[in-house]
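Worksheet for the structure shown next.
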Protein chains: 2
Amino acid sequence: MNDSRKTFKRESSDQRQDALIDATLSLIASGGPEAATVRNIAMEAGVTPGLIRHYFVTKEDLIGAAYERHMTTMRYAAYATVDGGLSGLSGLISLVKTSLAPPVIDARSLALWAGFIQSVQRDKSMQAIHEKTYFQFRDALQVLISETFIEIGQPKDKAALRRLAIACNAVLDGLWLEGSALPNSFETGELPAIGLASVGAILGLKLKE
Amino acid sequence: MNDSRKTFKRESSDQRQDALIDATLSLIASGGPEAATVRNIAMEAGVTPGLIRHYFVTKEDLIGAAYERHMTTMRYAAYATVDGGLSGLSGLISLVKTSLAPPVIDARSLALWAGFIQSVQRDKSMQAIHEKTYFQFRDALQVLISETFIEIGQPKDKAALRRLAIACNAVLDGLWLEGSALPNSFETGELPAIGLASVGAILGLKLKE
DNA sequence: TCGCTTATTATACGCTTGTATAATTTCATA
DNA sequence: TATGAAATTATACAAGCGTATAATAAGCGA
């Protein structure tokens, strides 16, 4: 009698959770948190709403899982270039250029990032993730800076390196923000150029492309 | 028969709008955009939900007004010491120091800002507000930078000033972000010191406290 | 091939949402 | 003190929300 019941394929728990998280991230990115309703998420993931509750006790749990994954994977994108084997000055240059161009600079990920930042205030586990990812990136940056000064025979002490890493990280964060929020207000290549010049000035070095 | 109808006092249009905006900001700061429902806002402001529609055509309009006011408040706070009559180098130093200390550095301000940013790319009017307030701040910064170079007899052309303003704005944004999100990770006075050193390095000047 | 587990769908429920509109109360003005 | 404009409250409504639970189908192991 009921011919129209949806056919489906059973998937592994991991695959389905990933698909639901993907759908959630996509919706928040393009429509903000309000767009991430259980029905929209389910439709985007190609399943029915009830399935969400089978994998996540509450919708908030799904949102939290989505933020967590976005934050941990987004940082990787930025220093993927460094993992490629570059170190010191060449690694630093590569990191700056990568951080300030697509796909890291991305209007869609701005809403995700802002949503995460706000959830940090209320959710202790999110705060832990925030600290972890922030320091991971800043420490990696500090290593590159340290290596750079060793390369040119002018090693710096830890306190100085800390200050420089905080400053350079701020430049990258700030430029990323400006570029992602107002992508049409900057010419192609302008942000990487400004980033290289600024980081170079802060470190007292010439950073050329 | 209906004894329980709420008594009220007629207020000026400005006062009521301010109260509604205050309530909106308070709710977004503590509970995110989702917490800013018309009923919550009305309760927080001590009125009934219908009144919101009397002052704002749509809820989005109220959110937009709240966004604009928050950004204006932050800009005034950052420029509080500059507006006293400072210009050029002394204004620049003052701006950096004020921007990177309380009350501009503030977890609540960050939460509010993040709450609004989430809807910037979805909502055109929010995007317009973002653009407007961003350029207000950056342009004022560019004026200070321009004055500084004129003071020392080395005026810069517009393209150079633009790049320097973008870079210095990024430093301030980034440090403000880091300080507001992780207040316990920086010693008192550390961020202003780093800010002065970094802005000074970018401009090729010595900025001392 | 048959059962059994469970992943998945389907349906229902109560609550909240934003908005529209009608009914009241306030207060300045005459 | 009476009048009228409009600020404010009250009520209603349809749509959408998250969640709970029952029914179904898929696919693995025997």
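Chain A is the first sequence line, chain B the second, and so forth, proteins listed ahead of strands; every chain is numbered from 1. All values derive from a computational prediction rather than experimental measurement.
With hydrogens and angles ignored, no donor-acceptor pair under 3.5 angstrom links the side chain of A:R53 to the base of D:dT19. The base of C:dT8 does not come close enough to the side chain of A:R10 for any donor and acceptor atom to sit less than 3.5 Å apart. Counting distance only, with no hydrogens placed and no angle test, the side-chain atoms of A:R39 and the base atoms of D:dG18 include a donor-acceptor pair under 3.5 Å.
Distance alone, capped at 3.5 Å, places no donor-acceptor pair between the A:E178 side chain and the B:Y134 backbone.
Phosphate contact (OP1/OP2 of D:dT8, side-chain N/O of B:Y55, threshold under 4.0 Å): present. Dashed line: the shortest gap from a side-chain N or O of A:S13 to OP1 or OP2 of C:dA7 is not under 4.0 Å.
Mapping B:K59 and B:T7 onto DNA chain C by nearest heavy atom places B:K59 closer to the 5' end of the strand. Mapping A:V57 and A:E34 onto DNA chain D via the closest heavy atom, the residue that lands nearer the 5' end is A:E34.
Look at CZ on B:R16: it is 4 Å from P on D:dT8, rounded to the nearest Å. If you measure from atom CG of A:L51 to atom P of D:dA20, you get 15 Å, rounded to the nearest angstrom. The CD1 atom of A:I63 sits 15 Å away from the C1' atom of D:dT19 (whole-angstrom rounding). Nucleotide D:dA25 holds its C1' atom 14 Å from the NE2 atom of A:H54, rounded to whole Å. Separating the CD1 atom of A:I41 from the P atom of D:dG16 is a distance of 17 Å, rounded to the nearest angstrom. For A:I52 and C:dA7, the CD1 to P distance is 16 Å, given to the nearest whole Å. If you take CD of B:Q17 and P of D:dT8, they are 11 Å apart, rounded to a whole angstrom. As a whole-Å value, the separation of B:K9 NZ from C:dT25 P is 18 Å.
Separation of atoms CG (B:L95) and OG1 (B:T81) is listed at 7.0 Å; rounding is to 0.5 Å.
For residues 42-56 of chain B, the pairs satisfying side chain to side chain donor-acceptor pair (under 3.5 Å) are B:S26-B:E44, with sequence neighbours left out.
Side-chain atoms of A:T37 lie closest to D:dG18 of the nucleotides D:dG18, C:dT9, C:dT19. Each of C:dA23, D:dA25, D:dT19 was ranked by its minimum atom distance to the side chain of A:F8; first place goes to D:dA25. Looking at the side chain of B:R5, the nearest of the listed nucleotides C:dT8, C:dT9, D:dT8 is D:dT8.
A side-chain donor from one of B:S13 and B:Q17 sits under 3.5 Å from a side-chain acceptor of the other. Checking B:R75 against B:Y79 by side-chain atom types alone, no donor-acceptor pair falls below 3.5 Å.
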